[in-house]
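Worksheet for the structure shown next.
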Number of protein chains: 2
Amino acid sequence: MTTEARRKRASISDVARLAGVAVGTVSNVLNRPDIVAPATRARVEAAIKEMSFVPNAVARQLRVGTITTVGVVVLDIRNPFFTEVARGVEDRLALADHTLMLASSDDDPARERKYLQLFEQHGVVGLLVVPSGPDLDQLLEVQSRGVRVVLLDAPAGSSGLSSVSVDDEAGGALAMAHLIERGHTQVVMLNGSHDIRQCAARLVGARRAASAAGLDPEAAVREVQLRALDSASGVEATLALADAPDGLPSAIFCVNDLVAVGVQRALRLRGGTALLESVAIVGYDDIDIASELAVPLTSVRQPTHEMGYRAADLLLAPESAEIEQVVFAPELVVRASSAR
Amino acid sequence: MTTEARRKRASISDVARLAGVAVGTVSNVLNRPDIVAPATRARVEAAIKEMSFVPNAVARQLRVGTITTVGVVVLDIRNPFFTEVARGVEDRLALADHTLMLASSDDDPARERKYLQLFEQHGVVGLLVVPSGPDLDQLLEVQSRGVRVVLLDAPAGSSGLSSVSVDDEAGGALAMAHLIERGHTQVVMLNGSHDIRQCAARLVGARRAASAAGLDPEAAVREVQLRALDSASGVEATLALADAPDGLPSAIFCVNDLVAVGVQRALRLRGGTALLESVAIVGYDDIDIASELAVPLTSVRQPTHEMGYRAADLLLAPESAEIEQVVFAPELVVRASSAR
DNA sequence: GTGAAAGCGCTAACAA
DNA sequence: TTGTTAGCGCTTTCAC
């Protein structure tokens, strides 16, 4: 190791010169060591160590065309849902010695576009993206240029893309059916904008379950739309419900666990543990601490890690592989919050 | 947009041919549009669109040497602490149009080494790494080859690296001083292995605070080492304490919030809410749901996002910039769990 | 088994 | 203003 910072990294020809061989030979000891004579190989390896030579993957990529980088665009890496997915992706890529370039679009189409472009310029093998809107044109364009694209957490429909997603209608239905079984015939659903596909689908599912149970879907599931999908909005909406003429419902279905956390906080604020325990709550995502809340939260779990893993798997599949749309089934985890 | 997948991406010379100009001219409209005649520029731009040409950043990089990718290695991206840090990094990099390659080392030096090598081969401008052990040799080597390296969440000491970290001794002291102030003269610290720098430092800090308050540090802070730093270990350790001859202490300081969550779970399991409220608990990290637990958790907060942001800032600093070691101060967030 | 050389896509220097 | 060309570091024929 040299003590002083080098201005430029050593190249293969520097090594060749030092070892007194041709660059092709150095390349050979790097890539097919078996075909070079032991003596020469030793000499080259010594030179490599001596110069602390690190092969330039960029030059290699330019030459051979192929590359081992995958771009991932999620809405926000701080969201545990996405970090679990990202970890699944990473774990699958590691098996293939690929690396992951990651970006958060913040659900902003402009940011998404910027990152897609950046990644494509960098020549990624493929792109895993949680689309920020319903417009898949740019993704299709990218795919038409030979970059594999897999949609994450959104069904690709008939667009011609591969995708890995979870059945959100089924999730909504699961939650609602459970509440109905527990005797609730009127639930409030704290939901996000229907521009968010998941939100719309979960409501559809909930209403479907109501119908299936012989209830009037519109009456059985009253929707309240939130500005944001965090705990603060959950608090706000719950307080508003409590202050409304109708008062609090006997059951609340939250479009995600953070909102549910807010609901719990608001209930405790308003009426202490007694009130908190008197209304049934179901969340969505089954985040880590759902089981650790004041009242452990019943929640719909999605196979996050597996989604990421599978998506990376599709991406890495041989070129010949067909477009495939994987839909995972969610699962209900019942805890105290819906025990009545 | 072509319907059919292209076998190969269009190159700058394809565009030049179509537009009837030289490659240099195409390069110019890409990089210095102002110096090319409007008419030619329009023609070239049309050709670019026509072929849906995407400049090859790899070739560009090979040519100009400079690049806009930064490698980040954390222990586990699922850990909220690291995802917050990563988001800080990402936010800073976005300002400079840089992208982030991310990997989780799982605290395994071999994995760390592999990723560092991968990133270096890819020619990253720099590396932000949460070191998996005390051995910084590889990082120094990498830096000696001209790759900027900034340590994350670990002080670089006199190694010659830049670093951004949080003062863990101060954090431990903060927690202990608070408990002392609340009247506890004997606390149990649920800690991890001292091989983990943070664990060792937090204990040192806690004992320092005890000394400062005139207590015998060894007696005031009794350490119990955990196998793992998750809630399951917290449960296990707490049950063991409860069953021991000495019984439960009046206060427990947990090396992180997950452990604290486990402690709360165990206490509730053993003696219900009453027991839970009878022992003071302080956690570390101030994770999102610390405020949402059955008994909201007092915790030591670290400026995670800012750490990442600052680290990226150091990395992006002009070459001339000096080695710098930034140490952030933690902050105590007091909630009900330590109110007695 | 090894060397020489072409060429991947691009930029920058220089020529026209 | 535009064209021509060398060369970034590497792999891969093709001779030797």
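Letters go in sequence order (proteins before strands), and every chain restarts at 1.
- Remark: P of C/dC8 and CZ of B/R9 are 15 Å apart, rounded to the nearest angstrom.
- By the 4.0 Å N-to-carboxylate-O rule, B/E45 lies too far from B/K49 to be salt-bridged with it.
- The nearest whole Å value for the distance from the CG atom in A/L62 to the P atom in C/dA6 is 17 Å.
- Nucleotide C/dA12 holds its C1' atom 14 Å from the CG atom of B/L30, rounded to whole Å.
- Among the protein residues, B/R41 comes within range of no part of the nucleic acid, since none of its heavy atoms lies under 4.0 Å from any strand.
- In the set C/dT11, D/dT11, D/dG9, D/dT11 carries the atom at the smallest distance from any side-chain atom of A/V23.
- Heavy-atom nearest nucleotides on DNA chain D were determined for B/A59 and for B/G20, and the one closer to the 5' end corresponds to B/G20.
- In this structure, B/D34 atom CG and D/dT2 atom P are separated by 12 Å, rounded to whole Å.
- Atom CG in A/N31 sits roughly 10 Å away from atom P in D/dC10 (whole-Å rounding).
- Along DNA chain D, the nucleotide nearest A/N28 and the nucleotide nearest B/V36 are compared for position; the residue whose nucleotide lies closer to the 5' end is B/V36.
- When distances run from any side-chain atom of A/I35 to the nucleotides C/dT2, D/dC8, D/dT12, the shortest one goes to C/dT2.
- The residue from A/L136, A/L314, A/V130 that alone fulfils the side-chain contact (heavy atoms from CB on, under 4.5 Å) condition with A/L151 is A/L136.
- Considering only the side chain of A/V64, D/dT12 comes nearest among C/dC10, D/dT12, D/dG9.
- Checked by atom type and distance alone, the side chain of B/S163 pairs as donor or acceptor with a backbone atom of B/A156 at under 3.5 Å.
- Contact detail for A/L161 and A/I323: the closest heavy-atom pair is O-CG2, 3.1 Å.
- If you measure from atom CD1 of A/I12 to atom C1' of D/dC8, you get 13 Å, rounded to the nearest angstrom.
- In the model, B/E90 has a side-chain atom that pairs as donor or acceptor with a side-chain atom of A/S104 under 3.5 Å.
- Note on A/N56: every side-chain N or O is 4.0 Å or more away from OP1 and OP2 of D/dC10.
- Remark: A/T25 is in phosphate contact with C/dG3, judged by side-chain N or O atoms under 4.0 Å from OP1 or OP2.
- For the pair A/R32 and D/dT11, the criterion of a side-chain N or O lying under 4.0 Å from OP1 or OP2 is not met.
- Projected onto DNA chain C by closest heavy-atom contact, B/R60 and A/G24 fall at different nucleotides, the more 5' of which corresponds to A/G24.
- Note on B/S11: only backbone sugar-phosphate atoms sit closer than 4.0 angstrom, heavy atoms only; bases stay farther off.
- Contact annotation for A/V26: no contact, since no heavy-atom pair falls under 4.0 Å across all strands.
- In this structure, B/Q61 atom CD and D/dG9 atom P are separated by 11 Å, rounded to whole Å.
- In this entry the distance linking CZ of B/R63 with P of D/dC10 reads 16 Å, nearest Å.
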